[in-house]
Amino acid sequence: MAKKHILFVCTGNSARSQMAEAFARYYGGDRVAVDSAGTRPAGINEYAQWAMNEVGIDISGQTSDALSEKDLNRFGWVVTLCGDARDHCPAIPSGVHTEHWDLPDPARVRGKPLERLEAFRAVRLQIERRVKDLLTRVVG
């Protein structure tokens, strides 16, 4: 069976799309090819790394890439994780499935480190649940 190609997109490609990419790779295994990108890539957020390390997934080797560098024709699914990404995503080629998950940006939360990490944990849980659901629909 051919791998299903999934692209996760958010603004900075620093947190939400990075977590989604990691969960899809973790749960999808060799059934999927996964990537992520941002409309304005900003590097991987350290709190996203900490939140994913808590569940045993290391994202430090992932890269923060520009959406403009991705060939959207390669993907069967494009998932936007914020309104900005949805609004600034280029035209999606016909035949590519799209889905939008309007998730809060945990990087915008200010406060003490533990308060900030809690925001990332909350979004991480939402992303994990949605990725599992997506994979059920995409690869069974």
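All values below come from the heavy atoms of this structure, side chains included, with hydrogens, waters and symmetry mates left out. Here the structure is a predicted model, which is why all the values come from computation and not from measurement.
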Between [X] and [Y] (side chain of the first, backbone of the second, donor and acceptor by atom type, cut-off under 3.5 Å), is there such a pair?
X	Y	value
R31	G28	yes
R116	V109	yes
Q18	T63	yes
S64	N13	yes

Can you find a pair of side-chain heavy atoms, one from [X] and one from [Y], that are under 4.5 Å apart?
X	Y	result
F75	P93	no
V139	K3	no
D58	N53	yes
L134	W101	yes
T98	V79	no
Q126	M19	no

List the steps and the verdict of side-chain contact (heavy atoms from CB on, under 4.5 Å) for V138 and W77.
CA-CA 9 Å; V138 171; W77 286 82; 3.3 Å; yes

Basic-acidic side-chain contact under 4.0 Å: [X], [Y]:
X	Y	value
K70	D65	yes
E115	K112	no
D102	R86	no
R129	D133	no
R124	E118	no
R25	E21	yes

Treating Ile, Leu, Val, Met, Phe, Trp and Tyr as nodes and any side-chain heavy-atom pair under 4.5 angstrom as an edge, say whether [X] and [Y] lie in one connected cluster.
X	Y	result
L67	V34	no
W50	V123	yes
Y27	L81	yes

Before giving the answer on side-chain contact (heavy atoms from CB on, under 4.5 Å), spell out for T80 and F8 the whole-Å C-alpha distance, their side-chain angles and the decisive distance to 0.1 Å.
CA-CA 6 Å; T80 53; F8 294 99; over 6 Å; no

How close do A15 and P106 get, counting heavy atoms only, and between which atoms?
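So the minimum-distance heavy-atom pair works out to CB-CG, 4.5 Å.
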
Show your reasoning for whether salt bridge (charged side-chain N to carboxylate O under 4.0 Å, His left out) applies to D105 and R16.
CA-CA 7 Å; D105 184 357; R16 292 165 290 185; 3.7 Å; yes

